[in-house]
Each structure stands twice: as C-alpha cells, then as structure tokens.
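To keep things clear, I will list the structure first and then write my remarks on it.
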Amino acid sequence: MASVPLSSLCFSQTPKSLCFSFVASDNLRFSSSSLRFLTPKKNRTRIRVSVCRAASPSPSLVFRNLDADDFRHPLDKQNTLILRAIPGLNELGKALLGTVAEQVMLLENIGTSVLVSKDQLSDLHRLMMEAAEVLNIEAPDLYVRQSPVPNAYTLAVSGKRPFVVVHTSLVELLTQKELQAVLAHELGHLKCDHGVWLTYANILTLGAYSVPGLGALIAQSLEEQLFRWLRAAELTCDRAALLVAQDPKVVISVLMKLAGGCPSMADQLNVDAFLEQARSYDRASSSPVGWYIRNAQTRQLSHPLPVLRAREIDEWSRSQDYRSLLKRAMPINSIQKV
C-alpha cells in the first residue's frame, strides 16, 4: 500500500518503489526516475526544522468512530468501484509485487532518512500523533529525508508498519499547522486504504507495458483510469487534512505554497487571492474550448490542479456534510480527561 505526495505520485530510483505523495507532477509517467532525491552540499550536514520551534495550537476536536466513507469524495467512491470491477487486478498485483521488491521499497526509503520520535525531532512527532488521534487512526512511523523537492509521501508494505516520509524542503516551506495538514493528508490515504489499489494498479500497468502487442494499449487504458482515480483520491485526502486543521485556509495555504511559494515570500502570500484565482480558472474553462483545454491539461496528472483543489476544499468546508462531522466531533480536552 502506498500514498502519493501532495502534488505528485512519486517514484524513487527503484522501479517498484511506489508511493503516494502530497506534491503533484505535471509530467508524471510510470517510470522509476521521475523523482530523484538530490542532496545539495549546503544542506548536507544539517536539518533545520525552524517552523516547529514555536508550538502551534493543537486541534480542538477529535473524531471518534470516524469511517473513511464519512469524508470520502464522491469521485473517489465512484472510481474505486471502477477499479474493483477490473477482473483479477487484486490477484495479479499480488503476484507481480513479490517479497523481495517489497523489501527493496522499504530499505530504499528508510535507509537515508531520519526516524522521528519523542527524542528525535519531537515537534514533528507531536504533530503526527495529534493528527492520528483526530482521525482515529494508528500513527505510522515518520521519517525526514533530505531533498530540495517539497514533498511528503506514505508507503505501506504488507506485513510492515506503514510510514510517512517528509522532505526537508517541505518542512522549511510550511508553518507548523500547515505541516500537520500535510501529515493528515497522508494519513487520509492510509485511513482510506488507497495504497492497495495504487500499488496493484501501478504494478499491473508496468507489467502490461512489457507485454508485446496489446500490452501497451492495455497499460494505457489502465494508466488513464488510475490517474482518474488518483485525482479523486487526492480530493478525499485534502478533506482529511481539513478535519485535522479545522481551518480551510490552512489547507488552501499549503496548496498555494506548493503551487508557487518559497520561504522568503511566504508572508506575502494571500489565501483569498488564491481562491479568487481558482474562481477565475473556473470561469475561463467554462466555455467548450476551455473545457477541452482543461481536460487535456489534467488528463495525465496524478493530482488535480492546485487551484481546483483549493476550490474543492473551500466548498466542502461550507457544506452540510462537513458541518455534520463537526457536530459529531468531541473536544480533545474531554477525551484526554477520560
């Protein structure tokens, strides 16, 4: 099981190292080298977690008996049913993903990272534990990895404890509340069992490409369906981020920074202006020509466009479904007393 970065499905240098991540890539293809982990010399000897120096307010509400379908996006439900209807996908995926490949995935991801704990980067550990408590899910392991590419992803290998990896550049870019929203997004993938379908479908697609003749046509069809499902799954996990952040502007700010932010300009970014940008995109793509261009623009993306994700989470934050979930939630202080 795996999870995609905030804006991209990332593949490490190992061909079968498949993962969800929070960051999306506009030229993502099923290859083993679409994302490389570079290590600039100037950052090689230290990891600064400056955004975590001052403690931010903890989430005020927790959700007991929270089910994934309580916040799953309708498109996620629809496209998951389509994936389940593909004959033999589950069995074939298990056959293609063997024990050795799983071990390679595990070791390749944790061998060059720092494991977060109470005694190691304790602020990040607190953010993860709080987010997991709010979503009523067991916290996975958390690693910090040196990389100039702002990203976070989740990987779950059968029989192993799932883990989340956060890149140092993402830690530098976000505030503490925003970083917790990213962790909640990744927990959403685990809560919804997204990785099962992602891994099996990806492995199947890679295998189909290697089959002569009709293999490429089969793979292309599966790839398109997989991307459609991935985009829907990301909308679900943005909702998980909102359930933990409990402020839509926090989630939208993450999306805005990933679209065009950097630490030196962070204090100049405006969430309301970004939402207006999203509305202008909707207006520009409402014509027949705009609709065609929009579909062509998003067809090969693993994640929806940042402006569309911002608009979606803004609308859901004002929906009756979200308000109903908040009414079911319990103050975190009352849980702690019990």
Side-chain angles (χ1 to χ4, degrees), residues 2-10 19-26 28 63 66-84 131 135 151-154 178 181-198 201 224-259 271 274-275 277-279 281-282 285 294-295 297-325:
S3 162
V4 182
L6 204 129
S7 58
S8 74
L9 172 66
C10 82
C19 56
F20 279 128
S21 91
F22 197 75
V23 184
S25 169
D26 59 357
L28 176 66
F63 299 88
L66 180 69
D67 186 80
D69 285 337
D70 291 336
F71 62 91
R72 196 187 299 270
H73 195 280
L75 291 177
D76 186 5
K77 295 179 182 179
Q78 175 185 330
N79 284 281
T80 298
L81 290 176
I82 294 174
L83 280 182
R84 286 175 177 168
L135 294 176
N151 201 7
Y153 57 89
T154 303
E178 291 165 352
V182 171
L183 297 177
H185 176 102
E186 298 304 320
L187 289 173
H189 284 303
L190 294 174
K191 183 81 174 178
C192 297
D193 287 330
H194 283 158
V196 174
W197 300 105
L198 175 77
E224 290 178 1
Q225 179 56 49
L226 176 61
F227 276 135
R228 192 176 298 115
W229 172 79
L230 284 173
R231 291 191 294 270
E234 290 305 306
L235 297 178
T236 291
C237 293
D238 287 344
R239 292 180 173 190
L242 177 58
L243 291 177
V244 171
Q246 296 165 19
D247 179 355
K249 287 192 174 184
V250 172
V251 182
I252 295 168
S253 180
V254 174
L255 298 168
M256 177 176 60
K257 287 182 177 180
L258 287 170
V271 168
F274 192 65
L275 280 173
Q277 180 182 334
R279 288 187 281 268
Y281 182 87
D282 282 338
S285 60
R294 172 173 167 172
N295 282 350
Q297 186 180 21
T298 60
R299 187 176 182 181
Q300 291 300 317
L301 295 180
S302 63
H303 290 51
L305 296 173
V307 291
L308 299 183
R309 293 172 70 180
R311 184 252 292 154
E312 279 282 337
I313 205 63
D314 178 60
E315 291 181 354
W316 193 64
S317 71
R318 292 182 278 105
S319 70
Q320 183 58 46
D321 288 342
Y322 178 65
R323 288 195 292 269
S324 296
L325 279 175

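Residue numbers run from 1 in the order of the sequence given.
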| message | For the OG atom of Ser317 and the CZ atom of Arg239, what is their distance to the nearest 0.5 Å? | response | 10.5 Å
| task | Supply the atom-to-atom distance Asn79 CG to Leu230 CG, rounded to the nearest 0.5 angstrom. | result | 9.5 Å
| note | Scanning both residues in full, the closest heavy-atom pair of Ala184 with Ala241 reads CB-CA, 3.7 Å
| Only one of His73, Arg72, His303 clears side-chain contact (heavy atoms from CB on, under 4.5 Å) with Leu235; which? | His73
| note | Interatomic distance, CG@Asp238 vs CZ@Arg309, rounded to 0.5 Å, equals 4.0 Å
| remark: Hits for salt bridge (charged side-chain N to carboxylate O under 4.0 Å, His left out) against Arg323, two or more places apart or cross-chain, chain-then-number order -> none
| task | Given side-chain contact (heavy atoms from CB on, under 4.5 Å), test Phe71 with Cys192 step by step and report yes or no. | result | CA-CA 10 Å; Phe71 62 91; Cys192 297; 3.9 Å; yes
| task | First locate atom CG of Leu243, then atom CZ of Phe63, and finally report the distance between them rounded to the nearest 0.5 Å. | result | 4.5 Å
| With sequence neighbours excluded, what pairs up with Lys257 under the side chain to side chain donor-acceptor pair (under 3.5 Å) test? | Glu178
| ring-ring contact (aromatic ring centres under 6.0 Å, His included) involving Tyr322 - partner list, sequence neighbours excluded | Trp316
| query | Is there a donor-acceptor pair under 3.5 Å between the side chain of Lys191 and the backbone N or O of Ala240? | reply | no
| message | Between Leu275 and Arg279, is there a side-chain heavy-atom distance shorter than 4.5 Å? | response | yes
| query | Going from CG on Leu242 to CD1 on Ile313, what distance comes out if it is rounded to the nearest 0.5 angstrom? | reply | 4.5 Å
| query | How about Thr236 and His194: do any of their side-chain heavy atoms sit closer than 4.5 Å? | reply | yes
| Which one of Leu255, Ile252, Val250, Val251 satisfies the side-chain contact (heavy atoms from CB on, under 4.5 Å) criterion with Val271? | Ile252
| note | Separation between CG (Asp76) and CG (Asp69), nearest 0.5 Å, reads 8.5 Å
| Asp321: partners by salt bridge (charged side-chain N to carboxylate O under 4.0 Å, His left out), with sequence neighbours left out | none
| Residue list, side-chain contact (heavy atoms from CB on, under 4.5 Å) with Arg311, at least two apart or on another chain | Ala278, Asp282, Arg294, Leu308, Glu315
| query | Are Leu183 and Val244 close enough that some pair of their side-chain heavy atoms sits under 4.5 Å apart? | reply | no
| message | Please enumerate all residues that pass side chain to side chain donor-acceptor pair (under 3.5 Å) together with Tyr281, with sequence neighbours excluded. | response | Gln297
| request: Taking side chain to side chain donor-acceptor pair (under 3.5 Å) as the test, write out the residues that go with Asp247, two or more places apart. | output: none
